[in-house]
Asker: 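The structure under discussion is supplied below as structure tokens; questions concerning it will follow.
A note on names: the letters A, B, ... follow the listed sequences, proteins ahead of strands, and every chain is numbered from 1. This is a predicted model, so every value here is computed, not measured.
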Amino acid sequence: MNVITCYKIVPDDQDIIVRDDRTLGLEKAELEIGQYDLPAIEAGMQVVADAGGKVSALSVGPKLLENSKLKKGVLSRGPADLYLVVDDSLAEADTHQTARTLAAAIQKIGDADLVLCGEGSSDLYAQQVGPQLGELLGMANINAVSKITVEGDKVIVERTLEDEVEVLEVSLPAVISVTTDIVQPRIPSMKEVLSAGKKPVTQWSLADIGLADNPQTMETINTLAPELAERKQIIIEGDSEEAVNELWENLRQELQ
Amino acid sequence: MIKLSIPEKLALNKFEVNEGNPHIIIDNTKCQSCQPKSCLTVCPAELYSEQNGEIIVEWAGCLECGTCRAVCPQGAISWEYPIGGFGIIYRQG
Amino acid sequence: MSAIKNVWVFSDKQDILAELCAGARQLGEKVTVLLIGNQSAADEAIKAGADHVYLMGELDDSRMVEDFLPTIEKLVAEHNPDLVMFGNTKRGKLMAGKLAAKRGTSVLADVIEFSEDGTCKRRVYGGAAISTIKSNAEVAIATVGGGVFGPQALDESRQGTTENVDFVATESKVKCVERRAKAGATVNLSAAKRVVAVGRGFADKEDLKMAEELAELIGAEIGCTRPLSEGLDWLPREYYIGVSGVMFKPDLYIALGISGQIQHMVGCNQSQTIIAVNKDKAAPIFKQADYGIVGDLYKVLPMLIEKLKSGK
Amino acid sequence: MSADKYEVIIIGGGPSGLAAAYKLAQAGVEVVLVERGDYCGSKNLSGGVFYTRVLDQLIPGFWEEAPVERYITNYVTTLMDKEDYFNLDYKGQALSKPPYNAFSVLRAKFDRWLAEKAEDAGVMLVNEIKVEKVLKEGNKVTGIVAGDEEMLADVVIAADGINSFIAQEAGLRGPIKPEHLAVGAKALIELPREKIEDRFRLTGNEGTAYAMLGEASHGVAGGAFLYTNIDSLSIGVVLRLDDLVKSGAKPAEVLDDLLEHPMVAPLVKDGKMVEYGAHLTAEGGLHMVPQQLVADGFIMVGDAAGFTINSGLVIRGMDLAVGSGIAAAEAIIEAKEKNDFSAASLNSYKRRLDESFVMKDLKTYAKAPIFMENDRLYKSYSKLANDIFGKVYNHDLTPKELLLKTALKALKENNLSIFDLARDGFKGVRAL
């Protein structure tokens, strides 16, 4: 079984600065593997642990993907090898551009039985790349999956919806977007980190995967922090009876 | 310059908290006889407090200096670094 | 997408469908609903705001909701509406994505506001910011959640047309073998009008009962900060407010023992009124509260509950 | 579980571990460096300037590519009273020329860069792994343990910093005494570049370093520091633990008060605090360096070995760390040639240290810690200096006295005898 797990490199939201004009400062933010993608990588490792085969990791994006710490970070979580499609034009890629690039890379890697995606990226969280990718590859395509069991040439999955759970039979090859509940991602061990540095990394340009023309389908006009509401800031100190009485008066007003 | 409280100072920093796995554990049986309980004052992050006669530590905001461990005369503080990747992450240093 | 005239709506959830119909009325000139169901469901959609309903057929054991996508694709290709809105359920997101991929475009995902100029807004970075986006496609495709337009009263006198369309069958690569109700309570915090939220100020899971009692007395839902649901497991994940959790704008938000870190506040800072109880005077929550009390919640809560019970 | 084996494993990715790693990798030694932080430097704080001549020997012209802040040309010593202060201000033009004498650095950036250099040189870097202990066979250190994994090596280098869990665990040193430790509490304050250059009278990338005594630390043994980065200031207090305990002072409050002191307040005005940190530092100098720096298959470097000098005027650690890292690497390279990693063989490390500036300077300043233990230094002299100069400059219409008379009067008011002064002055000259 050949499994490909897709991941995105995102800024650590703890490091995002809101400037006075409400624009965001991302330039000092540390980069990390999307937190929703880590369970997808781990789910892939579980699938091959049960059914045999190999997990490859795949990401597409700007030059920052080449960062050695990030590459090791992915490979230390188990995948046997790593594929990157690097082009700075992908820095602002919309979900369709991302899905097209992933699809072209997966076709070039070849022989994928199962493609796994996280439920969304932890920065933009559109939850769209998996569904679009499945359609572009013409594979069976399902999202919100919280359990995968391999049975021959198909997989049985549990899909957790808003108020029901579906058990589905999905023929392979398939693209499956998984939830964070599927499995707890591992904390890599010392030897996993050490061996990660020795695993093969294949890097392609857009031209290498035959995707010179990949136009934008959606514009982002601006991104701003929301305006904060003005607050009354009536703060009472102490937890005496009188203090609580005062709070109670305020609360009672609000409850009317 | 605007003066910041301790929580505000700590909020400037980046912490990767290993929820549910404290790296500081206090043996309160050893604290009963301790005077003057220096952990309550020496911690630069002021994480130690006394509640109902017990010493409590808010370990999530630990700056990992080790002062509390070094001054504790009772050896009541079992203190180790958080596991790899967790704890304070200085952005500047 | 420039001026919106024809808006199409699909959702696998009835309540979201009704909201989207009403919202679509405000946005466009003609509202068309893609419906899985019968004539009476179509009548409901018309009362909610639809001008025209395509009846695509009904669900049965052989058909999943997703199997109706080829029918939707065919109708969209024939009629080229300006905007297709999918309710932002898991199914809605999958179907919107598949339709968009087929049509070579992206999805305007989880839109929280549409503007007349054809732009729309969505939350990014876990709610820390809002992006204004615009689709370049001839037919824009969006997913929209409940609460964006809010529920509207049904107009019993509204008139509309219904049209039966043929189901477009395709070979399905996904088969449903079992369907069961999800275990555990379902909460819909995002639509709550009043919320009592709990944080690390509670020393023990048992003590949350006080917060629950308060919530019951004022008709509020319970929510929590991330450590309580993901570190301590005191409450299920659906209760967690903040980055990657629930984001909402209730009328009243009572924060008990919550320090007010940014990761939490992005979930609730659009609340109409915020009340905070925290023993730490320096807790950032007080800077974002309308009313606050610097005190021990173990003292304050019982007194408040007593007052609520006696109504004085 | 079978354990992988490497030639050298280094625990800790600060300046000492990284310098050793870089030097070893350059010599073709197979070296793994294990760092518990997210990245090298993420657990580190600097409390002083980096005297970088030794780093220039390791990586010539390093400053051209390293993320250094400013080269330090101005040194100010401040004797601080409650509101008054007395500054000794030195500027050396020679300090502003390559290869430069010292830089201010921000460790999260600088150490990380040094780690990248080490990786480029061939070091196998493992981040986010905490080494719990060393593996031993009898007295011989044979490897490390992290989580449930073991890894073997010919030599393990303990570069795990001031708390030196590894060296203690390996049995080479006992717990460090509070009087040999100080805690530094430090704020990083952002300020526009132009403001920094105006306020500190700097041109281009010149920088200033302050050493502050007296009220700066609320009279607690130790002091305070302030130095300029490119667009921020590093400011902190250093408080010796024994005296800190005695005083009951809270480090964060001491720092808050320093920020509001009339000397400091105008320097940090309109600045924005962006980070608050704390770290221990060694105060014992040569006295806390363990007798044995090596064991079979084991070497201690940097803070883990207690290599810090605090002369009151100058706090040094990073340069000694790099120096000891280089010496350790050289000793291991030599041991490898003989294929003998016993303590006797590795002890050429000690000889190399003795011959280098590291031990020479530690010995030179050996008396400094004892001199620095003198209470008068923190509590009385700052007030004395300020009293004297206050009287000299304050023309309040009372008749002026000669300087000597003023000084004697001030001495008396501060309960000091001229003998104390003479004795301390003599000790100071010898110790510093």
Asker: Counting only heavy atoms from other residues, nucleotides and ligands, does the tally under 6.0 Å from CD of Gln184(A) exceed 12?
Answerer: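 Counting other residues, nucleotides and ligands, CD of Gln184(A) stays at 12 neighbours or fewer.
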Asker: Report yes if the side chains of Leu247(A) and Met303(C) come closer than 4.5 Å at any heavy-atom pair, otherwise no.
Answerer: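 The answer is no; the side chains never approach within 4.5 Å.
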Asker: Side chains of Glu219(A) and Ile133(C): does their closest heavy-atom pair fall under 4.5 Å?
Answerer: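 Glu219(A) does not reach Ile133(C) side chain to side chain.
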Asker: Assess whether a salt bridge exists between Glu164(A) and Arg179(C), defined as any Lys/Arg side-chain N lying under 4.0 Å from an Asp/Glu carboxylate O.
Answerer: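 A salt bridge links Glu164(A) with Arg179(C).
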Asker: How about Thr89(C) and Glu162(A): does a side-chain donor come under 3.5 Å of a side-chain acceptor?
Answerer: no
Asker: Taking every non-hydrogen pair under 4.5 Å, which of Gln270(C), Arg194(C), Arg123(C) racks up the most with chain A?
Answerer: Arg194(C)
Asker: Rounded to the nearest 0.5 Å, what separates atom CZ in Phe286(C) from atom CD1 in Ile236(A)?
Answerer: 9.5 Å
Asker: Under 4.5 Å from any heavy atom of chain A, what part of Asp110(C) do you find: side chain, backbone, both or neither?
Answerer: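 Contact with chain A is through the side chain of Asp110(C) alone.
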Asker: Quick check on Ile176(A) against chain C: is it the side chain, the backbone, both or neither that has a heavy atom closer than 4.5 Å?
Answerer: neither
Asker: Can you say whether Leu161(A) sits under 4.5 Å from chain C via the side chain, the backbone, both, or neither, judging by heavy atoms?
Answerer: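 Its backbone and side chain both get close to chain C.
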Asker: Decide, yes or no, whether a salt bridge links Arg231(A) with Asp290(C) under the criterion of side-chain N to carboxylate O below 4.0 Å.
Answerer: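 Salt bridge flag = yes for Asp290(C) with Arg231(A).
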Asker: Give the member of Gln97(A), Arg159(A), Glu241(A) that has the highest number of heavy-atom pairs under 4.5 Å with chain C.
Answerer: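 Of the candidates given, the most pairs with chain C belong to Arg159(A).
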Asker: What option among Thr220(A), Ile142(A), Val10(A), Asn222(A) has the most heavy-atom pairs under 4.5 Å with chain C?
Answerer: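 Greatest number of close heavy-atom pairs with chain C: Asn222(A).
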Asker: Counting C-beta onward and ignoring hydrogens, is there a side-chain heavy-atom pair between Lys98(C) and Asn141(A) closer than 4.5 Å?
Answerer: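 The answer is yes, as the side chains (C-beta and beyond) meet within the 4.5 Å cut-off.
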Asker: When you look at Gln128(A) and Thr143(C), which way does the side chain to side chain contact (heavy atoms under 4.5 Å, CB included) test go after all the steps?
Answerer: CA-CA 10 Å; Gln128(A) 278 299 323; Thr143(C) 60; 4.3 Å; yes
Asker: Please state whether the side chain, the backbone, both or neither of Ser172(C) comes within less than 4.5 Å of a heavy atom of chain A.
Answerer: neither
Asker: Measuring heavy-atom distances to chain A, does Gln272(C) have an atom under 4.5 Å in its side chain, in its backbone, in both, or in neither?
Answerer: backbone
Asker: Among Gly295(C), Ala109(C), Gly219(C), Ala129(C), which residue has the highest count of heavy-atom pairs closer than 4.5 Å to chain A?
Answerer: Ala129(C)
Asker: Check whether Arg100(A) reaches the backbone of Ala101(C) with its side chain - one donor and one acceptor, N or O, closer than 3.5 Å.
Answerer: no
Asker: Would you say the side-chain atoms of Lys173(C) pair up with the backbone N or O of Gly138(A), donor to acceptor, closer than 3.5 Å?
Answerer: yes
Asker: Side chain, backbone, both or neither: which part of Ile274(C) has a heavy atom under 4.5 Å from chain A?
Answerer: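 Both backbone and side chain of Ile274(C) come within 4.5 Å of chain A.
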Asker: Given that the side chain runs from C-beta out, which part of Ile156(A) has a heavy atom under 4.5 Å from chain C: side chain, backbone, both or neither?
Answerer: neither
Asker: Flag the one option from Asp123(A), Thr95(A), Val170(A), Leu172(A) with the top tally of heavy-atom pairs under 4.5 Å to chain C.
Answerer: Asp123(A)
Asker: Heavy-atom distances under 4.5 Å only: say whether Lys93(C) touches chain A with side chain, backbone, both or neither.
Answerer: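 Its backbone and side chain both get close to chain A.
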Asker: Checking Asp239(A) side chain against Asp296(C) main chain: does a donor-acceptor pair fall under 3.5 Å?
Answerer: yes
Asker: Relative to chain C, which of Ala140(A), Gly134(A), Ser122(A), Ala144(A) shows the most heavy atom pairs under 4.5 Å?
Answerer: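 The answer is Ala140(A).
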Asker: Hey, is Arg91(C) close enough to Glu166(A) for a salt bridge, meaning N to O under 4.0 Å?
Answerer: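 Between Glu166(A) and Arg91(C) there is a salt bridge, with a charged N closer than 4.0 Å to a carboxylate O.
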Asker: Counting only non-hydrogen atoms closer than 4.5 Å, does Ala99(A) touch chain C with its backbone (N, CA, C, O), its side chain (CB onward), both, or neither?
Answerer: neither
Asker: Measuring only between side-chain heavy atoms, which start at C-beta, is Ile235(A) closer than 4.5 Å to Val294(C)?
Answerer: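 Contact flag for Ile235(A)/Val294(C) side chains = yes.
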Asker: Given that the side chain runs from C-beta out, which part of Leu94(C) has a heavy atom under 4.5 Å from chain A: side chain, backbone, both or neither?
Answerer: both
Asker: At a 4.5 Å cut-off on heavy atoms, which part of Lys121(C) comes close to chain A: side chain, backbone, both, or neither?
Answerer: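 For Lys121(C), no heavy atom lies under 4.5 Å from chain A.
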Asker: Going from CG on Leu24(A) to OG on Ser131(C), what distance comes out if it is rounded to the nearest 0.5 angstrom?
Answerer: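 These two atoms lie 8.0 Å from each other.
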Asker: Against chain C, label Pro11(A) side chain, backbone, both or neither, depending on which of its atoms sit under 4.5 Å from a heavy atom there.
Answerer: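 Looking at Pro11(A), just its side chain touches chain C.
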Asker: Taking all heavy atoms of Pro226(A) and all of Ala128(C), pick out the closest pair and write down the distance.
Answerer: CD-O, 3.3 Å
Asker: Give, as side chain, backbone, both or neither, the part of Lys299(C) having an atom under 4.5 angstrom from any heavy atom of chain A.
Answerer: side chain
Asker: Taking atom types as modelled and ignoring hydrogens, do the side chains of Lys307(C) and Asn245(A) form a donor-acceptor contact shorter than 3.5 angstrom?
Answerer: yes
Asker: Checking Met64(C) against chain A: side chain, backbone, both or neither under 4.5 Å from a heavy atom?
Answerer: side chain
Asker: Which bit of Ser121(A) is near chain C, if near means a heavy-atom gap under 4.5 Å: side chain, backbone, both or neither?
Answerer: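 Nothing of Ser121(A), per the 4.5 Å heavy-atom cut-off to chain C.
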Asker: Say whether, by atom type as modelled, one donor and one acceptor occur between the side chain of Thr132(C) and the main chain of Ile221(A) under 3.5 angstrom.
Answerer: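 A pair under 3.5 Å: no.
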Asker: Please rank Val165(A), Val129(A), Thr98(A), Asp13(A) by heavy-atom pairs under 4.5 Å with chain C and give me the top one.
Answerer: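 Sorted descending by pairs with chain C, the first entry is Val165(A).
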Asker: To the nearest 0.5 angstrom, please state how far the CD atom of Glu171(C) sits from the OG atom of Ser171(A).
Answerer: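 Result: 7.5 Å between the selected atoms.
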Asker: Give, as side chain, backbone, both or neither, the part of Glu158(A) having an atom under 4.5 angstrom from any heavy atom of chain C.
Answerer: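 The answer is the side chain of Glu158(A).
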Asker: Can you check whether Thr105(C) reaches Met218(A) side chain to side chain, under 4.5 Å on heavy atoms?
Answerer: no
Asker: Looking at NZ of Lys90(C) and CD of Gln127(A), how far apart are the two atoms once the value is rounded to the nearest 0.5 Å?
Answerer: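 Between Lys90(C) NZ and Gln127(A) CD, I get 5.0 Å after rounding to 0.5 Å.
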Asker: Are a donor atom and an acceptor atom from the side chains of Arg237(C) and Thr180(A) found within less than 3.5 Å of each other?
Answerer: yes
Asker: Measure distances from Leu252(C) to the heavy atoms of chain A and classify the residue's part below 4.5 Å as side chain, backbone, both or neither.
Answerer: side chain
Asker: With side chain to side chain contact (heavy atoms under 4.5 Å, CB included) as the test, would you mind laying out the steps for Leu304(C) and Val244(A) before giving the verdict?
Answerer: CA-CA 7 Å; Leu304(C) 269 187; Val244(A) 177; 4.2 Å; yes
Asker: Chain C: which of Glu227(A), Gln132(A), Lys154(A) shares the most heavy-atom pairs with it under 4.5 Å?
Answerer: Gln132(A)
Asker: Name the region of Leu255(A), side chain, backbone, both or neither, that has any atom closer than 4.5 Å to a heavy atom of chain C.
Answerer: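 Answer is both: backbone and side chain atoms of Leu255(A) are under 4.5 Å from chain C.
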Asker: Find out whether Leu251(A) and Tyr291(C) are in side-chain contact, i.e. whether some heavy atom of one side chain is under 4.5 Å from a heavy atom of the other.
Answerer: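 No, every pair of side-chain atoms sits at 4.5 Å or beyond.
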